[in-house]
Amino acid sequence: MSAMTWTIILVVGMAAAGVAVAAIVSTIFQGGRSGLIGLGVLFGLAGGAGGWWLDQHSLQPGLAFQAKAKAADASPDVVALKRYYPDEYAAMQRSLAAAKDDHTGAAGALYLIRLQVRSVITRQFPLGADKQLVALMTLQRDEAKALAAKNPAYCTEYFNGGRLSFDPGEVLPADLLQRDAAVAGDLLQQTAMAPAKNAAGAEQRDLSYASRFKLYEQNTVRDAVIGKAQSQFSTDDQKSINLMVRRKASLRDQPALAALMCKYKTALLEENLKLPEPQAAMVYRMNQGFFF
C-alpha cells in the first residue's frame, strides 16, 4: 500500500468516524436534522484534519522508517556488512531499533544505515584494491554533480557524514542510489576477503631511505593533482578552499562556500581520474578518500 493510499484511507476513516460521533451527539441532545448536518460537517472536518495530522506526524513516518530499515537488508552494502562485519551490522540494527519511534521517516532510517556503512568504508578504504577505489571515486564524482545540480549544500552535507536535511532517495536518481549500494558492497567484500597489502599511498611505518623516496614520488603525483584542480579557481577562491579543505563543519547556511567546496572536490576527483588506475588509487588513499 502506497503512502498516498494510506493517507486517503486514514483521513476518510477519521472523517467518517467524526460524522458518526456527530450523529450520536445530535441524537442524544435532539439536535434535529439541521443540527445533525452542522455537527456532521464540523466533526467530519475535525476527524479528517486529525487523521491527516496523525498520518503525517506519527503513523506514516513510522511506517516509512520500518519499510526502509527492512528493505535495507537486501541492499548489497548491508548484505556485505552483515556477512563480513557482523559487529558493525549488529550496531546498525541497535541504532535502527532505538530510533524507530523518532518519526524521522525513510530519510532517518537511510541516514543510520549510511552512517554505519560509511564508518566501515572510511576505516577499510586504504585496503581497497585499485579497481574498487576507482569505482568509488567515479561514483562520488557523479553523485557530487547530481547533488550540486539540485542544491550545492546537499553535496557537502552528503559527503561530510552528518544528519541530512534532505532525503537522498528523493534527490538522487535511482541508478546512482543502486550504484552507491553496489560499489560500497563490493568494496566491503573485497577489503574483508582480499585486502590490498602494502597498497601504494596507504600509510606506511617503514622509514627506510627507499620507502621515504617512494613517498616523495607519491607526494609529487598527489601535489600535481591538487595543483591542477586548484588552478581552475581564482586566487581568492583558492584561499577559501585551503581554509576549508580540512574542516567538516556544515556549510548548510553558507551556500556560496558549499558550492565552491563541492566544485573543488569534484574537480579534484576529475583530475585524479585522469591518471592511470594504480596512480589514481594511490592518490585517493593519500588524500583519505577526498570526500571522507
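Keep in mind that this is a model prediction, so the values were computed, not measured.
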Just by distance, no angles: are the side chains of [X] and [Y] close enough, under 3.5 Å, to form a donor-acceptor pair?
X: Tyr284; Y: Gln140; result: yes
X: Asp73; Y: Tyr89; result: yes
X: Tyr85; Y: Thr191; result: yes
X: Asp236; Y: Ser234; result: no
X: Asn242; Y: Gln230; result: yes

Please check if [X] and [Y] belong to a single hydrophobic cluster, counting links between Ile, Leu, Val, Met, Phe, Trp and Tyr side chain heavy atoms closer than 4.5 Å.
X: Tyr154; Y: Leu115; value: yes
X: Ile121; Y: Ile113; value: yes
X: Leu133; Y: Met193; value: yes
X: Val117; Y: Leu110; value: no

Do [X] and [Y] have side chains that get closer than 4.5 Å, going by heavy atoms?
X: Leu187; Y: Gln124; value: no
X: Gln232; Y: Glu271; value: yes
X: Asp180; Y: Leu172; value: no
X: Glu157; Y: Phe166; value: yes
X: Arg118; Y: Thr122; value: yes

Taking all non-hydrogen atoms of both residues into account, name the closest pair between [X] and [Y] and its distance.
X: Leu188; Y: Ala80; value: CB-CB, 3.9 Å
X: Gln238; Y: Ser231; value: NE2-CA, 4.3 Å
X: Ala181; Y: Ser75; value: CB-OG, 3.3 Å
X: Arg179; Y: Leu139; value: NH2-CA, 3.4 Å
X: Ala184; Y: Asp77; value: CB-CB, 3.8 Å
X: Val221; Y: Gln279; value: CG2-NE2, 3.9 Å

When rounded to the nearest 0.5 angstrom, what distance separates [atom1] in [X] from [atom2] in [Y]?
X: Asn219; Y: Met282; atom1: CG; atom2: CE; answer: 8.5 Å
X: Met261; Y: Thr266; atom1: CE; atom2: OG1; answer: 10.5 Å
X: Tyr264; Y: Ser240; atom1: OH; atom2: OG; answer: 12.5 Å
X: Leu260; Y: Met244; atom1: CG; atom2: CE; answer: 9.5 Å
X: Met137; Y: Leu273; atom1: CE; atom2: CG; answer: 5.5 Å
X: Lys70; Y: Phe65; atom1: NZ; atom2: CZ; answer: 15.0 Å

| Please walk me through it: do Tyr84 and Val120 pass side-chain contact (heavy atoms from CB on, under 4.5 Å)? | CA-CA 11 Å; Tyr84 301 107; Val120 180; over 6 Å; no
Under 3.5 Å: donor-acceptor pair, side chain of Gln190, backbone of Ala129:
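Yes, Gln190 side chain to Ala129 backbone: donor-acceptor pair under 3.5 Å.
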Pair Asp130, Arg285 - check side-chain contact (heavy atoms from CB on, under 4.5 Å), show working. CA-CA 10 Å; Asp130 297 346; Arg285 295 186 191 98; 3.0 Å; yes
Atom CZ of Arg123 with >12 non-hydrogen neighbours under 6.0 angstrom
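Correct, the count exceeds 12.
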(request) Report the C-alpha separation of Leu96 and Gln93 in whole Å, then their side-chain angles, then the decisive distance to 0.1 Å, and conclude whether the side-chain contact (heavy atoms from CB on, under 4.5 Å) test is met. (result) CA-CA 5 Å; Leu96 289 170; Gln93 291 298 317; 4.2 Å; yes
Sort out for me which residue in Val134, Val283, Asn287 forms a side chain to side chain contact (heavy atoms under 4.5 Å, CB included) with Asn272.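 Result for side chain to side chain contact (heavy atoms under 4.5 Å, CB included) with Asn272: Val283.
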Disulfide bond (SG atoms under 2.5 Å apart) partners of residues 116-152, not counting sequence neighbours, each pair once =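 Checked against disulfide bond (SG atoms under 2.5 Å apart) - neighbours excluded - no pair reaches residues 116-152.
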Exercise. Under 4.0 Å between a Lys/Arg side-chain N and an Asp/Glu carboxylate O for Glu270 and Lys145?
Worked result: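 Looking at Lys145 together with Glu270, the answer is yes, because their closest N to O distance falls below 4.0 Å.
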message: Could you go through Glu143 and Tyr158, starting from their C-alpha distance and side-chain angles, then the distance that decides it, and tell me whether this counts as side-chain contact (heavy atoms from CB on, under 4.5 Å)?
response: CA-CA 9 Å; Glu143 287 181 327; Tyr158 191 72; 3.5 Å; yes
